[in-house]
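Shown next, in structure tokens, is the structure this report addresses.
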Amino acid sequence: MAGKVEDREAQATATPTLDAAVSSSLLAAFASATANGEMENITQFANMSTLDFDLASYALNDTQTGCYRKGALPVALAQNDTCLPGWHCPASNATYPPQYCHPTEQCQAKRMHRQTCNIQGVLEPKICADGFYCPPNIGGKKELVCPKGTFCPSGSYVPRNCSYLAYCPQGSRREILTVPLGIMGAIDVLLGVLVVVGFAISKWRKKRPKRYTTLEQSDGAGDDIELLAASKGLGRQNSPRLSVTSASPVDGVPGKLPRPTTTHARRASGMVDNMDGVMESDDDDLPDYDDEDDVEDLTASPDMQRFIKSMSRTIETNTIGLSFDFENLSFETRSGKKILSDVTGTMPRGSCWGVMGGSGAGKSTFVNVLMGKLNATGGTIKINGWSKDMSKYKKLIGYVPQDDVLFPELTVRENILHSARIRLPSSWRDKAIQDHVDSLIACLQLTHVQHSQVGDARMPVISGGQRKRVNIGMELAAAPMAIFLDEPTSGLDATSAATIMRLLRAISRLGVTTIAIIHQPREQIFYGFDKLLLLAQGRSVYSGATEDVQGYFESLGFAFGQRGNPADALIDIVTGDGAQYTLGASKRDTDVRNLIDEWKNRGQYGAHQKHLTVTLDGGPVKRNRRASNQSINSTAEQEESLQRTMKARGASWPAQVFYCWKRAMTQQVRNRTSFFFEIGVGGLAGVVIGLSAFAANGHLFQGIYHEPFILLSSAVDYNSTPQIGLLGAMAIGLAASAPGFWVFGEEKMMYYRETASGHSRSAYYVGKLLSTIVRIALSSLHFTVFLGVLATPLMSFPRMYAANLMYFWCIYGLASVVSMLVKREDGPLIAVLASLVIGVLGGVAPPLSKVKDWHMEWFWRLSPGVWFAESYVTSNWLPMAYLYKTDLASVTIGFTLGQFGMDLAILFVIGCVYRIVAFLGLIMMHRDKQR
């Protein structure tokens with residue numbers, strides 16, 4: 001058996017031979033046919049066997065057959081001297097048309113690997129080589145070197161002009177772009193210069209002294225405005241339904257109230273209590289110190305006077321502000337849990353209220369219902385004595401959240417200035433707004449840090465007390481008529497808390513109704529409030545003057561220690577732990593339910609209070625027991641003035657868009673590390689994808705040659721260009737998805753705060769979108785430059801940049817959608833995964849032709865990845881349509897060619913759709929936080 005195999009192998013490898021006579025006859029016949037062009041001489045061999053014919057073929061040499069492979073016979077490609085564009089046909093002519101010869105093993109191996117080989121016969125044409133072109137006007141007979149300034153990929157029939165200043169030496173097969181590379185470098189240098197200049201300007205601004213211009217000019221229009229009343233008790237004595245304790249002057253000064261002489265009043269004298277680490281003296285001869293002195297000093301300062309004058313310009317009425325009446329106020333969750341029940345009270349204009357209670361008492365819910373953030377399920381709320389929709393007054397109300405919701409990248413001044421520009425009347429010139437902010441910053445005692453960035457918890461720049469004042473200043477910048485604060489002193493040291501408290505009392509003297517949630521405040525802070533609302537189990541147990549609260553609870557049998565903090569005692573009492581403050585009291589006497597009933601029966605309508613209620617002219621009010629709890633109704637004229645004030649508030653929509661865009665751009669400049677890192681990642685992605693295609697030397701497509709040269713085709717390459725599109729899409733997704741998420745995902749809380757105060761949601765969204773264009777353009781530029789320099793596709797740089805830009809646009813839009821749906825902790829990862837998914841749905845793997853067989857093309861077409869890859873295929877394949885059968889390639893892979901404009905248009909539309917969906921998510925989700 002082994003012997004037979006060896007014989008067969010020896011026979012297969014042996015050179016075949018013919019009989020000498022037969023060989024001589026064949027040679028003579030072929031020579032005669034070649035010389036005379038006649039074939040009659042070989043008709044005698046018509047009945048040869050296959051073996052004899054094969055043996056005869058092997059006996060011929062290349063001078064007889066025209067093919068270099070031994071035993072190969074030529075195949076006619078045409079009946080005349082045909083040479084297609086891009087082909088080199090040096091030996092063929094009308095007498096000797098082009099032929100195809102069977103390739104050698106080495107040539108066949110090259111063709112199977114998408115390479116070309118030398119001609120396999122004398123008359124065989126070949127593709128014009130890299131760096132050369134074959135002019136068709138001379139029949140492709142010559143292969144000319146590609147001149148300098150042009151490039152010639154394989155199969156060129158004319159040189160392709162290189163782009164301006166591109167690197168294209170003589171014999172170039174591809175162009176290396178230098179202008180885009182130079183533009184990119186120039187932009188990077190410019191960005192670096194701008195950063196340095198920005199530092200210099202910031203340093204100069206910090207040294208520049210503040211100047212006032214508009215506020216020092218008096219036009220006399222504010223003389224009749226109540227906000228410009230005497231600084232002692234501004235807006236307080238003339239408030240509707242305002243309770244005062246005594247009308248007797250002190251030391252002959254009208255309007256000055258007697259200094260407190262009780263124990264709790266002396267503790268409110270501004271001295272630091274034991275909780276602050278300072279021992280309090282027992283000496284009763286200590287000089288009395290009224291917190292009103294601090295307020296008077298604050299309101300008498302030039303900066304405060306300027307601020308008062310500036311605030312007066314925002315108010316169209318001179319007799320009315322905002323007062324709140326609420327009766328039997330209730331709130332119940334959807335699950336049926338009662339949070340508030342039968343809360344009744346009045347908060348007159350210009351008063352400073354503290355809302356206290358234990359955890360779960362309903363403090364935050366009460367404030368949210370009063371502000372209109374939550375809809376009450378029972379009871380009534382009146383504004384200036386009339387039942388009104390609270391949401392319509394959002395432009396006149398300020399809300400300071402417990403957490404300092406600020407932009408860490410912005411300075412103290414920029415945070416406050418943006419709020420002022422957005423919410424002050426649109427008729428104000430920017431210089432007047434600047435002066436208004438200058439005076440406010442001075443009143444907040446923040447002048448020395450106004451040009452310092454706010455920072456965040458991880459990298460704080462200013463102190464906690466300063467952050468809190470900035471938080472309050474953002475609301476005061478809008479000149480509100482009422483301001484609500486959620487635990488404004490929590491977490492602050494004694495000095496910072498006292499400063500905040502003096503500020504709140506000062507703005508309440510301007511006529512601004514101030515309502516703050518407080519939780520176990522220091523004694524000094526506690527007595528800084530004019531009025532106090534105590535809540536327990538969602539019901540009120542006290543609502544009235546702070547100085548009377550101790551007397552009221554003493555009348556219920558409770559005793560307050562001489563050295564204890566009354567606020568702590570009150571919290572213990574209203575949370576059911578008040579037995580320690582009574583002697584021999586039963587459990588029922590200290591029960592919270594009993595406190596609620598006692599207030600409802602004897603204290604709710606002011607029967608416990610010793611002070612009087614006066615009208616605007618100082619006379620006593622005649623009222624019944626229930627009517628005493630209501631504010632005086634504003635007149636129609638006053639309401640009309642209030643409506644004019646609300647209509648005048650707020651910048652125009654284009655102005656809000658501009659200010660939001662400007663703020664977002666400032667954030668990007670300040671957050672320059674992330675900004676440059678994002679651009680760098682885009683460039684790195686271009687480098688990686690470019691290196692993957694670098695070895696191809698720009699040859700990213702190869703198909704079947706046109707007839708009649710189909711037999712000369714090498715293995716097709718339909719995948720390189722789509723794969724560049726696929727890899728590019730995935731790289732762009734990785735580079736842009738996380739930065740796109742942080743456009744909105746990082747500042748949701750700030751958005752909620754601003755929209756609740758009347759900020760246009762669409763203006764905010766459009767401003768943020770416009771700010772991303774620079775980032776998208778720069779990232780796309782860096783990606784495209786490196787990809788173009790390394791991969792050197794036939795696709796022109798403008799087309800490649802446009803396609804990449806549109807895909808960046810889509811990825812940013814998709815990331816915006818993700819930012820509206822998920823938590824900020826999970827957002828970047830989900831955004832990256834989403835970008836990879838739409839990249840995979842690019843019609844490459846599986847190919848779009850297979851997807852069409854599944855009847856799922858419509859679903860793939862929803863992904864921007866298909867249109868992106870298709871734009872690359874169109875731009876790289878169609879320039880070679882004269883050489884390859886691109887229609888066959890299009891059917892095989894599934895992409896539609898020749899619609900580059902449509903591809904880009906649909907990419908833009910998909911990006912817009914993503915942004916519309918994101919905007920709908922922004923305004924529809926968490927609507928309760930936007931009220």
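It should be emphasised that the depicted structure is a prediction, and the values quoted were computed from it without experimental measurement.
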Would you say that [X] contacts [Y] through its side chain, given a criterion of any heavy-atom pair below 4.5 Å between the two side chains?
{"X": "N804", "Y": "Y807", "result": "no"}
{"X": "N80", "Y": "P97", "result": "no"}
{"X": "K126", "Y": "T116", "result": "no"}
{"X": "F676", "Y": "L191", "result": "yes"}
{"X": "W809", "Y": "R915", "result": "yes"}
{"X": "F675", "Y": "R775", "result": "yes"}
{"X": "P180", "Y": "I183", "result": "no"}
{"X": "W87", "Y": "L883", "result": "yes"}

Looking at [X] and [Y], would you say the former's side chain and the latter's main chain have a donor-acceptor pair under 3.5 Å?
{"X": "S849", "Y": "T892", "answer": "yes"}
{"X": "T178", "Y": "Y167", "answer": "no"}
{"X": "Y801", "Y": "A777", "answer": "yes"}
{"X": "Q120", "Y": "R69", "answer": "no"}
{"X": "E143", "Y": "H88", "answer": "no"}
{"X": "T104", "Y": "C107", "answer": "yes"}
{"X": "S780", "Y": "L805", "answer": "yes"}
{"X": "T874", "Y": "S871", "answer": "no"}
{"X": "R160", "Y": "F151", "answer": "no"}
{"X": "H706", "Y": "Y884", "answer": "yes"}

| request: Mark yes or no: R174 above the aromatic ring of F694, with NZ or CZ under 6.0 Å from the six-membered ring centre and no more than 45 degrees from the axis. | output: yes
Minimum heavy-atom separation for [X] to [Y], with atom names?
{"X": "C146", "Y": "Y133", "answer": "CA-CD2, 4.3 Å"}
{"X": "S163", "Y": "L177", "answer": "OG-CD2, 3.7 Å"}
{"X": "D81", "Y": "A94", "answer": "CB-N, 3.6 Å"}
{"X": "A693", "Y": "L700", "answer": "CB-CD2, 4.2 Å"}
{"X": "P864", "Y": "Y914", "answer": "CD-OH, 3.5 Å"}
{"X": "Y705", "Y": "S713", "answer": "N-OG, 3.0 Å"}

Spacing of [atom1] belonging to [X] relative to [atom2] belonging to [Y], to within rounding of 0.5 Å:
{"X": "I704", "Y": "D887", "atom1": "CD1", "atom2": "CG", "answer": "11.5 Å"}
{"X": "S875", "Y": "L878", "atom1": "OG", "atom2": "CG", "answer": "7.5 Å"}
{"X": "S156", "Y": "F132", "atom1": "OG", "atom2": "CZ", "answer": "11.5 Å"}
{"X": "L907", "Y": "C810", "atom1": "CG", "atom2": "SG", "answer": "5.0 Å"}
{"X": "D717", "Y": "H113", "atom1": "CG", "atom2": "NE2", "answer": "12.5 Å"}
{"X": "T792", "Y": "N697", "atom1": "OG1", "atom2": "CG", "answer": "7.0 Å"}

| request: Answer yes or no: is the gap between the SG atoms of C152 and C128 smaller than 2.5 Å? | output: no
| Going through the distances and angles, do I906 and M806 end up as a side-chain contact (heavy atoms from CB on, under 4.5 Å)? | CA-CA 9 Å; I906 293 180; M806 287 298 98; over 6 Å; no
[X] side chain to [Y] side chain, donor-acceptor N/O pair below 3.5 angstrom:
{"X": "K148", "Y": "S172", "value": "no"}
{"X": "D903", "Y": "Y872", "value": "no"}
{"X": "T721", "Y": "N876", "value": "no"}

Is atom [atom1] of [X] surrounded by more than 12 heavy atoms (other residues, nucleotides or ligands) closer than 6.0 Å?
{"X": "E707", "atom1": "CD", "result": "no"}
{"X": "K110", "atom1": "NZ", "result": "no"}
{"X": "D853", "atom1": "CG", "result": "yes"}
{"X": "M856", "atom1": "CE", "result": "yes"}
{"X": "Y882", "atom1": "OH", "result": "yes"}

| said: Check the orientation of F786 and H782. Use parallel for under 30°, tilted for 30 to 60°, and perpendicular for over 60°. | reply: tilted
| When you look at F859 and L841, which way does the side-chain contact (heavy atoms from CB on, under 4.5 Å) test go after all the steps? | CA-CA 9 Å; F859 182 73; L841 295 177; 4.1 Å; yes
| query | Among E124, Q99, K141, which residue meets the side-chain hydrogen bond (donor to acceptor under 3.5 Å, both in side chains) test with S92? | reply | K141
| request: Could you name each residue pair satisfying side chain to side chain donor-acceptor pair (under 3.5 Å) that touches residues 855-864, not counting sequence neighbours? | output: E857-R861, R861-E870
| field | side-chain contact (heavy atoms from CB on, under 4.5 Å) assessment of I838 paired with I811 | value | CA-CA 9 Å; I838 66 171; I811 293 298; 3.7 Å; yes
| Stepwise side-chain contact (heavy atoms from CB on, under 4.5 Å) check, T784 with L787 | CA-CA 5 Å; T784 307; L787 176 62; 5.7 Å; no
| said: F895 vs W877, test: ring-ring contact (aromatic ring centres under 6.0 Å, His included). Steps then yes/no. | reply: CA-CA 11 Å; F895 289 115; W877 286 12; 7.6 Å; no
